[in-house]
Amino acid sequence: LRAAPRLGSWTGFSRLLIKDESVNPTGSFKARGLSAAVTAAAARGVTKLAIPTAGNAGGALAAYAAAAGLECHVFMPRDTPVAFQLEVRSCGARLELVDGLISDCGRIVGERQEAMGWFDMSTLKEPYRVEGKKTMGYELAEQLGWELPDVVIYPTGGGTGLIGMWKAFEEMEQLGWIEPGRRPRMVSVQAAGCAPIVRAFEAGAETAQPWQDAQTVASGLRVPGAVGDFLMLRALRESGGTAVAVSDDELIAASHDFARHTGIFPAPEGGATLAALLRLKEQDQVEADERVVLFNTGSGYKYLETLNHFPQ
């Protein structure tokens with residue numbers, strides 16, 4: 001958790017913080033959930049793992065499967081940035097590129113898993129990924145002296161991190177570690193070309209309908225239908241938060257602004273949180289003196305083709 005005084009001065013927020021998940025072992029927040037999930041699976045005798053991925057989850061599963069000596073099968077959209085593909089193959093996993101989206105990859109895993117003897121490691125198809133992700137919530141409290149920020153802005157595709165943090169806050173309240181009623185407002189950020197949670201939130205719906213023709217350069221946000229949609233929407237509403245969609249041009253430009261004012265080279269998903277903060281500022285939804293945390297969920301080094309573009 002890093003203070004961001006220069007970015008805060010540039011944006012007009014005096015207490016801006018960055019939770020930089022790019023320093024995790026596989027370069028993204030996905031290492032948290034999948035390290036826990038692989039450990040739990042291996043302890044229970046699982047030998048073959050499979051996962052649909054937009055990028056980072058596949059790399060994380062491949063890495064931890066390699067460490068545990070487990071067979072790993074990764075299904076990824078064919079147009080996923082090449083760094084993710086190389087990471088999976090280098091770790092010894094079997095990669096299958098799919099003409100379609102992560103939802104198509106998930107369908108393939110579901111169709112084949114029984115015949116192939118795979119254990120499905122998809123988001124919320126097993127209980128341990130969310131347990132790993134919830135450590136982000138515990139760390140926020142610990143690193144801020146057992147207080148929580150006022151606002152958490154988080155990029156959401158599958159949304160396990162947001163769900164996990166909300167679970168962590170509930171547990172800490174029950175344990176008496178944090179003051180009841182002092183949870184942050186949670187903000188879900190999605191890309192305008194794939195924003196099912198934003199649409200459902202604005203409509204007052206309890207679940208999100210799948211997004212048709214999902215398109216965005218931020219591959220981690222290109223999730224047309226999330227299994228945990230109802231849990232995300234519940235957390236947003238219970239926290240008094242909101243959901244924001246930003247364009248690809250906005251999130252790429254914000255990624256460069258993010259790097260220029262912090263020295264952190266963010267994934268496009270991380271840049272999207274800054275674009276969302278600027279939008280919320282325009283709408284007077286965040287006060288200048290509130291403690292705001294932006295989540296950079298991964299490293300820009302995996303998205304060099306995408307970030308090699310500077311919108312005018």
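We use all heavy atoms of the structure for the numbers below, so side chains are in, but hydrogens, waters and symmetry mates are not.
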If you round to the nearest 0.5 Å, how far is [atom2] of [Y] from [atom1] of [X]?
X: S247; Y: R279; atom1: OG; atom2: CZ; value: 7.5 Å
X: S188; Y: L221; atom1: OG; atom2: CG; value: 9.0 Å
X: L34; Y: K133; atom1: CG; atom2: NZ; value: 7.0 Å
X: I252; Y: D257; atom1: CD1; atom2: CG; value: 12.0 Å

**Message:** So which atom in T80 and which in F84 form the shortest heavy-atom distance, rounded to 0.1 Å?
**Reply:**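 Of all heavy-atom pairs spanning T80 and F84, the closest is CG2-CD1, 3.7 Å.
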**Item:** Nearest heavy atoms of Y303 and P81, plus distance in Å
**Value:**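 The answer is CD2-CG, 4.2 Å.
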**Asked** Y154 pairs by side chain to side chain contact (heavy atoms under 4.5 Å, CB included) with which of K19, M232, M186, M136?
**Response**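 That would be M136; it is the only one of K19, M232, M186, M136 passing the side chain to side chain contact (heavy atoms under 4.5 Å, CB included) with Y154.
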**Prompt:** Hey, mind stepping through R32 and E139 against salt bridge (charged side-chain N to carboxylate O under 4.0 Å, His left out) and telling me if it holds?
**Reply:** CA-CA 12 Å; R32 292 180 182 266; E139 285 182 12; 2.9 Å; yes
**Asked** Where do L233 and F201 land on the side chain to side chain contact (heavy atoms under 4.5 Å, CB included) test, with the steps shown first?
**Response** CA-CA 6 Å; L233 290 163; F201 181 84; 3.9 Å; yes
**Asked** Crowded around Q212 CD? As in, over 12 foreign heavy atoms under 6.0 Å?
**Response**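 Counting neighbours around CD of Q212, 12 or fewer heavy atoms of other residues, nucleotides or ligands fall under 6.0 Å, so no.
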**Asked** Between K167 and E131, is there a side-chain N and carboxylate O pair less than 4.0 Å apart?
**Response**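 Looking at K167 and E131, the cut-off is met.
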**Asked** Under 4.0 Å between a Lys/Arg side-chain N and an Asp/Glu carboxylate O for R182 and E173?
**Response**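 The answer is no: the pair does not qualify as a salt bridge.
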**Request:** Kindly indicate, with the supporting measurements, whether the criterion side chain to side chain contact (heavy atoms under 4.5 Å, CB included) is fulfilled by D248 and Q215.
**Result:** CA-CA 9 Å; D248 279 2; Q215 295 181 358; over 6 Å; no
**Prompt:** Within 45° of the six-membered ring axis of W118 and under 6.0 Å from that ring's centre, is NZ or CZ of R112 located there?
**Reply:**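 Checked: cation-pi criterion not met.
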**Prompt:** Cluster question for you: counting only ILVMFWY and a side-chain heavy-atom cut-off of under 4.5 Å, with indirect links fine, are V246 and L16 together?
**Reply:**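 Yes, because V246 and L16 connect within a single hydrophobic cluster, where side-chain heavy atoms sit under 4.5 Å apart.
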**Item:** Chi angles and distances behind the salt bridge (charged side-chain N to carboxylate O under 4.0 Å, His left out) call for K30, E21
**Value:** CA-CA 9 Å; K30 296 291 187 179; E21 292 293 299; over 6 Å; no
